[in-house]
Amino acid sequence: MKKRILSGMRPTGKLHLGHLAGALENWVKLQDEYSNFHLVADWHALTTAADRTEELAENTREMVIDWLSAGIDPQKSPIFVQSHIPEHAELFLIFSMLITVPRLERNPAVKEQAQQLNLEDRMAYGHLGYPVLQAADILLYKGDLVPVGEDQVPHLEISRELARRFNKLYKKIFPEPEAKLTDFGRLLGTDARRMAKSLNNSILIADSTEVITKKIKRCITDPARVHKNDPGHPEICPIYYYHKKFHPATLEDIKTGCIEGTLGCVEHKNDMTRKLIDYLEPMWEKREYYEQHPALIDEIIEDGDRRARQIAGETMAEVREAMKLP
Ligand code: TRP
């Protein structure tokens, strides 16, 4: 039997190139070798957007369209929505009894987010439990592997601990899921910070030719290169990373040109804009198709929900029996 992969994202709307390079392409690549489940983590989105629930449905649609456009095949890999499968909440509740508050407070991923959002003493109870819900997402489907970035590893450690704790206390039902790290790290945003929607520095997969051209034109490059002939430092330039990701075949030439000051930033930007558009164009075509057939998205999710619900129901039956909670 194929090993199972559980991957998920919070529905934040249209995805950016960082999502594509850091996660989505990896999901597509893994589709044949593993049995994949793709989760829209809409309850997780409530940790930071409980006051904006009216955006969730649209954000889910846009995200799922990006998944499909990037090549996720929903027949092979069900796409489903967390809040459509109440078993996630049930297992979350049970897991929340098996982990201490201090353990959750020590989680560096939650700590960092609390700092960024200035939440220190106003964090919601459910936000602290974010990784507990994530553990339920993964273990309901007995996921063996979880494709994540470095930043998610602390969350996954909690999934592993919960699996061990449950197995020891009741019955060995769950695998200890492992992180499957993506080889391509984060892409830089157009301001050379990490690419993030909240930082307003991202290029979206679905951006038009005009928007991409404008964003790349305004993109920060190496500040040392005031004149074209000034030697540059490619490793601090976002355009260099776009090149590395989206056109690696010519990376060495670009690198040399930058370091030796023979390739100007404007020239490189124009070149990269064309290469990026070529790369994204097939995805735009698929997006257009799905935008013209909106009912198809509903059908894909309904089918994914049905397949997920089947497995989630079976796992919860095992859990209740192991716990003597008939
Ligand atoms: N925490 C993940 C993120 O922020 C989203 C997520 C929720 C997830 N549940 C999951 C990822 C289960 C993998 C598996 O991106």
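One-based numbering, in listed order, for ligands and for the atoms of each.
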task = Please work out whether any backbone atom (N, CA, C, O) or any side-chain heavy atom from C-beta onward of Gln152 is under 4.0 Å from ligand 1, and answer side chain, backbone, both or neither.
result = side chain
note = At under 4.0 Å between heavy atoms, what of Val146 touches ligand 1? The answer is side chain
message = Does Lys142 form a salt bridge (Lys or Arg N to Asp or Glu O under 4.0 Å) with Glu318? I'd like the steps, not just the answer.
response = CA-CA 12 Å; Lys142 303 189 179 175; Glu318 279 183 79; 2.7 Å; yes
inquiry  = Quick one about Ser83 and Asp42 (side-chain donor to acceptor, distance below 3.5 Å, no hydrogens or angles considered), yes or no?
reply    =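 On atom types as modelled, these side chains qualify, holding a pair under 3.5 Å.
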request  = Kindly indicate, with the supporting measurements, whether the criterion salt bridge (Lys or Arg N to Asp or Glu O under 4.0 Å) is fulfilled by Glu58 and Arg61.
outcome  = CA-CA 5 Å; Glu58 186 57 22; Arg61 274 192 99 68; 5.1 Å; no
Non-neighbouring partners of Tyr130 that pass ring pair (Phe, Tyr, Trp, His ring centres under 6.0 Å), sequence neighbours left out =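 Result, ring pair (Phe, Tyr, Trp, His ring centres under 6.0 Å) vs Tyr130: His44, His155.
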[atom]: the protein heavy-atom neighbour that sits closest, reported with distance to 0.1 Å:
atom: atom 11 (C) of ligand 1; answer: Gly8 O, 3.3 Å
atom: atom 7 (C) of ligand 1; answer: His44 ND1, 3.3 Å
atom: atom 9 (N) of ligand 1; answer: Asp137 OD2, 2.7 Å

Need the ligand 1 atom indices (1-based, order shown) with element for anything under 4.0 Å from a heavy-atom of [X].
X: Leu39; value: 9 (N), 10 (C)
X: Tyr130; value: 1 (N), 2 (C), 3 (C), 4 (O), 5 (C)
X: Leu6; value: 12 (C), 14 (C)
X: Arg10; value: 4 (O)
X: Ala41; value: 7 (C)

task = Please confirm whether Ser7 comes within less than 3.5 Å of ligand 1 when only nitrogen or oxygen atoms on both sides are compared.
result = no
message = ring-ring contact (aromatic ring centres under 6.0 Å, His included), that's the test. Do Phe95 and His88 meet it? Break it down for me.
response = CA-CA 10 Å; Phe95 282 167; His88 288 251; over 10 Å; no
task = Please find out if less than 6.0 Å separates the ring center of Phe80 from that of His84.
result =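 No, too far apart.
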request  = Please check if Phe37 and Val81 belong to a single hydrophobic cluster, counting links between Ile, Leu, Val, Met, Phe, Trp and Tyr side chain heavy atoms closer than 4.5 Å.
outcome  =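 In one cluster with Phe37: Val81, no.
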request  = For Thr256, enumerate each residue passing the side chain to side chain contact (heavy atoms under 4.5 Å, CB included) test, keeping only those at least two apart in sequence or located in another chain.
outcome  = Glu260
